[in-house]
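Since the structure comes first, as structure tokens, the remarks are kept for the end.
Chain letters run A, B, ... following the sequence lines, proteins first, then strands; residues in each count from 1. Note that this is a predicted model, so its numbers are computed, not measured.
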Amino acid sequence: MLENLNNSQTEAVKNTEGPLLVLAGAGTGKTKVLISRIIYILSNYLAQPQEILAVTFTNKAAQEMKNRIGEIIGDQVNNLWVGTFHAIAIKILRRHSEIVGLRSDFTIIDEDDQNRLIKQILNDFNIDTKQFSSKAYLSKISISKDILKNIDHLNSNLPKLKEVYDTYQFRLKSMNFVDFGDIINYNLEIFKKSVETLNYYQNKFRYILVDEYQDTNNCQYQWLLLLSSKFCNICCVGDDDQSIYSWRGANINNILRFENDFADSKIIRLEQNYRSTSNILKIADSVISNNKQRHGKKLWTDYNKGSKVKILSFYDGKVESQTIANKIKNFTQNNSINFSQIAILVRAGYQTRSFEESFIQNSIPYKIIGGMKFYERLEIKDAIAYLRVCVNFDDDLALLRIINTPKRGVGDAVISTLYQRSQQEKQSFFKVIKNSFEENSLKGKSKESLKTLIEIFEKFNQKIDKITLPELAKSILSEAGYLQMWKNENTLEANSRLDNIDEFIKSLGDFSSIAEFLEYISLIEVRDDNSRLNSVKLMTIHSAKGLEFDIVFLPGLEEGTFPSSKSLEEANSVEEERRLMYVAITRAKKELIISFAKNRYIFGEFQNLNPSRFISEIPISEVDFEEIDFANNNLLNRFDFNQNSGKFNVSNKSYIKNNMNNNFSKFGSFNYGSKTTQTKNSATTQKNITKLNLANEEFPIGTRVFHQKFGYGKIKNVDGNKLEISFEKTGTKTVMKDFVTSSQ
DNA sequence: CGCATGACGATTTTT
DNA sequence: TCGTCATGCG
């Protein structure tokens with residue numbers, strides 16, 4: 001096993017005793033080290049599997065470790081404690097919840113519900129949510145938990161912050177909820193209150209391994225400190241240059257002052273990179289070496305130099321996305337590169353938009369990574385709320401969510417009276433509604449429909465253990481009229497929502513209890529589905545961390561975009577932006593194409609921009625620089641010239657025409673991408689689209705279709721996998737077949 | 001209740 | 001610019 005490791009990797013594996021920091025640069029094989037280290041410990045009988053704790057930040061990382069270790073040691077892998085910080089901490093919290101006054105069947109509240117709850121509280125306190133947003137309160141509450149700082153010691157101008165915090169915590173507990181920040185905090189409280197419990201875990205975990213140590217917050221740090229203090233065999237793997245989550249409480253000082261925190265510790269650097277060409281590494285180094293807060297290390301590689309990194313400058317954002325689309329076509333057509341080996345990495349989510357548009361026009365398959373999870377959809381959250389009330393009558397938030405969905409004549413006035421009573425009497429909302437029946441304080445429609453609703457919940461609460469989860473969900477949703485609500489709407493969107501609910505109901509079959517299901521969706525569900533495998537990936541740099549691609553495009557390198565304008569206002573945050581840049585560069589294996597636009601629409605205004613300071617940190621002699629803009633009259637790039645056919649691409653006819661009409665000399669009026677509307681919570685997913693398409697192989701001219709972005713339209717022309725569609729709201733566009741569904 | 005209207009604000013989001 | 005949210009009217 002050790003044969004496959006280089007010298008420093010071997011060192012990192014064999015140094016099992018005492019605190020060890022492994023500074024692992026991007027692409028230096030840190031996962032391999034973590035895995036080999038565990039195998040090494042086991043095969044030398046230094047510990048039993050259940051005496052090893054390995055924590056990661058993502059489920060993906062945890063899963064990968066489990067899988068790869070499982071391949072070597074078989075079923076024994078299940079005895080290891082491998083998981084995310086939160087998954088491990090929850091396991092501990094469920095076992096000892098009574099020490100902190102929680103029931104062991106607590107559920108984890110999601111961000112949406114956190115916000116709803118805080119809004120309610122702010123309302124009760126008569127705080128104007130326009131002036132002081134619930135999100136502002138929530139972020140203070142979360143950060144205080146993450147960095148272990150008392151909420152009234154945070155500087156903030158939010159009125160009654162402490163009171164809101166206390167009420168929030170009280171309400172969480174009464175609904176049997178914990179939030180993400182609570183999980184590890186409660187662990188600390190358990191360890192503090194019960195020395196025996198702490199001792200038990202300290203004695204249990206002989207070896208502790210931590211992945212992505214640079215991303216730990218103070219809370220996680222304390223947790224590790226406590227757990228490791230008996231054997232002190234803690235191995236932290238991380239890269240200070242890749243610390244990009246400080247805004248979520250991650251403390252880069254944890255990795256910077258490791259030697260001070262852990263006595264007799266060692267540091268091993270992994271600097272041999274197995275991912276990128278040396279030209280790419282050179283650029284990465286030239287940028288990151290401008291940072292002062294770092295341990296310092298220099299990546300090197302045995303690989304050849306590769307092609308030079310390219311820096312492109314564009315007239316504006318449109319030229320940028322059009323040109324990149326063209327370059328992608330060239331890569332895939334001429335060099336037989338697969339779409340899936342190409343990624344566009346952006347600073348902020350909204351930047352993906354212009355690329356979507358040019359990819360649609362150029363028939364480039366793409367997939368946006370990130371965004372909404374399946375279980376975050378409106379209809380799915382509603383459906384889950386019904387289940388939540390059914391298992392937990394105290395779940396006020398869930399009940400509030402669906403009490404008048406579908407409309408059953410329970411208006412705001414009734415809800416607010418009942419809700420206020422429940423607050424005053426410190427009783428659950430459910431209970432207060434029940435009491436109101438006895439007191440006869442409600443009348444008319446609201447009384448009748450609430451009675452029916454409560455009866456449904458009580459009836460199915462009895463049946464929870466007697467019928468399967470899918471049956472339970474199906475019957476509740478149908479008896480409560482929820483399914484009928486969407487059926488009545490009878491639009492394509494509503495049908496798609498019903499499809500999603502069906503899929504949801506089916507997926508419940510994989511779980512043995514609602515609690516297990518709720519934990520799965522709050523903790524484990526990953527955004528990745530495997531649809532559209534062969535597609536260009538569009539994502540933020542944050543979500544690209546840990547991934548790699550042959551070809552990486554890095555657009556939008558302008559002051560204000562990257563580094564972001566917000567980061568420029570705050571002191572010290574430019575270094576984090578630079579680390580982000582470093583992460584972005586080191587995702588590339590073979591080709592890196594950095595670009596910036598001289599002008600860009602920002603919040604509707606056409607603005608002149610300066611190239612990012614990170615561009616100036618790259619030695620110009622090491623890159624190929626190309627200016628693609630109007631001054632160059634580079635029409636081939638501008639108008640998607642198809643070299644094979646010798647013609648402009650059909651999809652861009654409208655582009656040219658629009659610009660002709662729009663006075664060519666006025667650069668500011670490139671309005672080819674006419675107004676697009678996109679409904680939020682749109683139920684039509686790529687997944688569903690693909691599914692529906694299987695039943696609709698052909699689109700005859702004249703078919704009415706639905707497109708996620710452009711809405712409804714009629715097909716005017718078909719050209720291979722491209723459809724020319726006259727959209728009802730947005731005019732005629734050429735789009736790819738895969739992106740529309742028949743509305744028949 | 002459902003729709004229209006206007007103000008407002010707008011990074012990153014592993015769990 | 002564009003999406004969200006609160007508010008007010010019929």
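- With hydrogens and angles left out, the side-chain atoms of A:Gln63 and A:Asn67 include a donor and acceptor closer than 3.5 Å.
- Atom pair A:Glu212:CD and B:dT15:P shows a separation of 12 Å (rounding to whole Å applied).
- For the salt bridge (charged side-chain N to carboxylate O under 4.0 Å, His left out) test with A:Asp241, the passing option among A:Arg294, A:Arg578, A:Lys545 is A:Arg294; the others fail.
- Across all strands shown, A:Asn217 has no heavy atoms under 4.0 Å from either base or sugar-phosphate atoms.
- Taking atom CD1 of A:Ile118 as the reference point, atom P of C:dC5 lies 15 Å away to the nearest angstrom.
- Judged as a side-chain hydrogen bond (donor to acceptor under 3.5 Å, both in side chains), and not counting sequence neighbours, A:Arg248 has no contacts.
- One can place CG of A:Asp412 at 16 Å from P of C:dC9, the figure rounded to the nearest angstrom.
- At whole-Å resolution of the value, NZ in A:Lys145 and C1' in B:dT15 are 14 Å apart.
- Checked against side-chain hydrogen bond (donor to acceptor under 3.5 Å, both in side chains), A:Asn176 has the following partners two or more places apart in sequence or in another chain: A:Asp105.
- Remark: A:Tyr375 pairs with A:Phe517 by the ring-ring contact (aromatic ring centres under 6.0 Å, His included) rule, at least two apart or across chains.
- A:Asn59 comes within 4.0 angstrom of sugar-phosphate atoms only, judged by non-hydrogen atoms across all strands, and of no base.
- Counting to the nearest Å, the C1' atom of B:dT15 and the CD1 atom of A:Ile521 are 13 Å from each other.
- The nearest heavy atom of DNA chain B to A:Thr58 and to A:Gly409 marks one nucleotide each, and the one closer to the 5' end goes with A:Gly409.
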For nucleotides 8-12 of chain B, give me every protein contact, N/O to N/O, under 3.5 Å, one pair per line with atom names.
residue: B:dT12; atom: OP1; partner: A:Gly349; partner atom: N; Å: 2.9
residue: B:dT12; atom: O4'; partner: A:Arg347; partner atom: NH2; Å: 3.2
residue: B:dT12; atom: O2; partner: A:Trp247; partner atom: NE1; Å: 3.4
residue: B:dT12; atom: O2; partner: A:Arg347; partner atom: NH2; Å: 2.5

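- With rounding to whole Å, A:Lys373 atom NZ is found 7 Å from B:dT14 atom P.
- Contacts of A:Glu448 classified as side-chain hydrogen bond (donor to acceptor under 3.5 Å, both in side chains), with partners at least two apart in sequence or in another chain: none.
- Between the C1' atoms of C:dC5 and B:dT12, the separation comes to 24 Å (whole Å).
- Set against B:dT14, C:dG3, B:dG2, the side chain of A:Arg353 has C:dG3 as its closest nucleotide.
- Here A:Ser543 pairs with A:Thr540 under the side-chain hydrogen bond (donor to acceptor under 3.5 Å, both in side chains) rule; sequence neighbours left out.
- The nearest whole Å value for the distance from the CG atom in A:Asn115 to the P atom in C:dC5 is 9 Å.
- Atom pair A:Gln220:CD and B:dT15:P shows a separation of 12 Å (rounding to whole Å applied).
- In the set B:dG2, B:dT15, B:dT14, B:dT14 carries the atom at the smallest distance from any side-chain atom of A:Lys545.
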